[in-house]
Amino acid sequence: MTFDNAKESFLTTLRRAGGLASALGLLYWDMMTIMPKKGAAARANVVGAMDTEMFRLTTSDAFGAAMDTLSEKRDQLSSREGRMLELAWREYERNKKIPTEEYEAFSVATAQASHLWVGAKQNNNYSAFAPHLQKIIDFSRRFADYWGYDDKPYDAMLDRFDPALLTAQIDPIFAQLLSGTRALLSRAGDNASLPAVTVSPDRQQAVGEYLLRVMGYDMDAGNLYTTEHPFTCGIHAGDVRVTTKYHPTMPLSSIFSVLHEGGHGLYDQNISEELDGTGLRDGASMGIHESQSRFWENIVGRSQAFWQVHLDKVNELSGAVMCDNADTFFRAINAVTPSLIRIEADELTYNLHIIIRYEMEKAIMNDGVNSGQLPELWASKYEEYLGICPKTYTEGILQDSHWSGGSFGYFPSYTIGNLCAAQFADAFERENGLLSKHIQTPEGMALLVDWQKRNIHRYGMEETPRQIMERVCGEDVNPAFFLRYMENKLADVYPGF
Ligand code: ZN
């Protein structure tokens, strides 16, 4: 194969795979939002078939041969093409190790389990879900063996999300974070509280759309829908959708989930359009992606400055006074209290929920712990780290969708994201002065969005997460920034902290 033929074939395959990925994204979005429930079984097969088609395409011998030819003449590729080759080759090598039939069975099993999980969570029925979860655990253990690892099988799972953050790197980061978190937690004082209010889903939708606009999310290039477990779906350039869930008596839940998903949405909307169809149109890593969602949810969305400007408008759109004082509201939304639900946890104890899941995933992947043993392990970890214990599966092990989709190794990304977000905030302030000042004006917000776009978003996967951290922050993941940020914030939340 000539170099030119190889390049043509390589680029065409990536474009086709990109098209399939967009179609799959749309099918998934539909499945999790508006699909009639009787369509679930047939849809699982459609998703399985399309996913397998993409798998065949990107593991084909022709694609491998084209990449071989290009690898021999890497100096003739642009740096972007070199990165495209590097990432496509990594995926190819990984997927080639899985027999196609097994991959298809896995796709169908995860589509089924994702759907069943919704019902199991609603009905507090772990025993209906456990056999499906076990199937996915078994697949994951086999995949870890196919992929290979130096130390423990769990590393093969973590490697998918960030090859430079395996157990050996994460363990000391989490240990430092845990001891710092415990020290801060022990100093928390009395919490401010908010009046109980009820806000209808329609009004919560209006609040959500208002907040998305404030953040600079482009409503002509996306939308806000409801789902069981909020997520963001970057379908392709010009179509990046976010979702939320409305609990009428807990309007704050959707407010913070919209800010969170809006942060993911902004990232995806601001990736350079040149990267469509190159395999590089995604976040640098899930950790970096989560840093952007957590930045908007917490660093902006739980700041005093933000609510001094937006509380009145949000009260008005809600048709209910959630709080008439921005300072009290700020103290209430930052109250630190051990709780059962990860996505509703405060900023400090949130990471303990992640450390629990990280340890459970290690137990599943490295120590052979099976689905039947998980609820008990879950309860003992919540007791150990948060001093509380779930009374139902719904508020315990069934609360997250990740395992039903086979995403073992994803959870640490959230905490890595929290840590990186604090580092990005520090880098922003070194360049532009206090973030709180910028949060209070539309011009300042635009400057922040532009800073994120120029420094992080537009690159997509062109740079590695390590390169982004080094370039923007001058160093890799370091929990000291997050702990300092939390200490400063808690000093404003708790008098005499
Ligand atoms: Zn997220």
Side-chain angles (χ1 to χ4, degrees), residues 25 28-29 32-33 114 117 157-158 160-162 165 170 208 211-212 215-217 222-235 240-246 252-271 281-302 339 341-358 361 399-425 449 452 456-457 460-461 465 468 477 482:
Y28 178 78
W29 178 86
M32 302 312 269
T33 52
S114 298
W117 163 79
M157 298 285 119
L158 291 168
R160 300 184 288 177
F161 300 104
D162 192 336
L165 285 175
I170 295 177
L211 293 172
L212 288 173
M215 307 171 55
Y217 172 91
N223 58 32
L224 174 63
Y225 257 77
T226 55
T227 185
E228 178 59 31
H229 198 89
F231 65 98
T232 297
C233 190
I235 295 173
V240 176
R241 307 177 188 194
V242 294
T243 60
T244 187
K245 181 174 178 176
Y246 299 127
L252 289 182
S253 170
S254 79
I255 285 177
F256 290 107
S257 96
V258 164
L259 289 166
H260 180 98
E261 300 307 330
H264 284 304
L266 261 189
Y267 193 160
D268 283 357
Q269 285 187 337
N270 287 335
I271 293 174
R281 194 191 153 70
D282 204 343
S285 68
M286 289 327 294
I288 299 292
H289 227 309
E290 291 300 335
S291 78
Q292 300 307 287
S293 54
R294 303 290 287 174
F295 190 101
W296 282 96
E297 177 188 357
N298 293 325
I299 295 181
V300 176
R302 287 183 208 269
S339 62
I341 308 292
R342 174 182 63 86
I343 61 168
E344 278 145 28
D346 63 79
E347 220 173 333
L348 183 67
T349 60
Y350 182 93
N351 296 312
L352 301 178
H353 293 256
I354 297 304
I355 291 173
I356 289 169
R357 286 155 179 76
Y358 174 66
E361 291 188 338
Q399 68 180 269
D400 297 308
S401 62
H402 305 60
W403 292 345
S404 64
S407 294
F408 295 101
Y410 186 104
F411 280 119
S413 306
Y414 293 111
T415 283
I416 296 299
N418 288 336
L419 305 183
C420 293
Q423 289 174 265
F424 286 136
V449 172
Q452 291 182 325
I456 304 161
H457 300 171
M461 301 180 86
I468 291 180
V477 185
F482 174 80

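Only a predicted model underlies this, so the values are computations on that prediction, with no experimental measurement involved. First listed ligand is number 1; within each ligand, the first listed atom is number 1.
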Cys420 and Val477: which non-hydrogen atoms are nearest, and at how many Å?
->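 Looks like SG-CG2, 4.0 Å.
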
Does Phe295 have its ring centroid less than 6.0 Å away from the ring centroid of Phe424?
->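 Between Phe295 and Phe424, the centre distance exceeds or equals 6.0 Å.
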
Non-hydrogen side-chain atoms of Thr243 and Trp29 separated by less than 4.5 Å |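 Yes, at least one pair of side-chain atoms sits under 4.5 Å.
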
Mind listing the protein N/O/S atoms less than 2.8 Å away from the Zn ion (ligand 1)? Waters don't count.
->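 You should have found His260 NE2, His264 NE2, Glu290 OE1, Glu290 OE2.
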
Can His260 and Glu290 be counted as having a side-chain donor-acceptor contact under 3.5 angstrom?
->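 Side-chain D/A pair, His260 to Glu290: present.
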
Would you say the side-chain atoms of Asp346 pair up with the backbone N or O of Leu348, donor to acceptor, closer than 3.5 Å?
->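 Checking the backbone N and O of Leu348 against the side chain of Asp346, a donor-acceptor pair under 3.5 Å is found.
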
Does atom CZ of Phe231 have more than 12 heavy-atom neighbours from other groups under 6.0 Å away?
->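 Enclosed: over 12 neighbouring heavy atoms sit under 6.0 Å from CZ of Phe231.
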
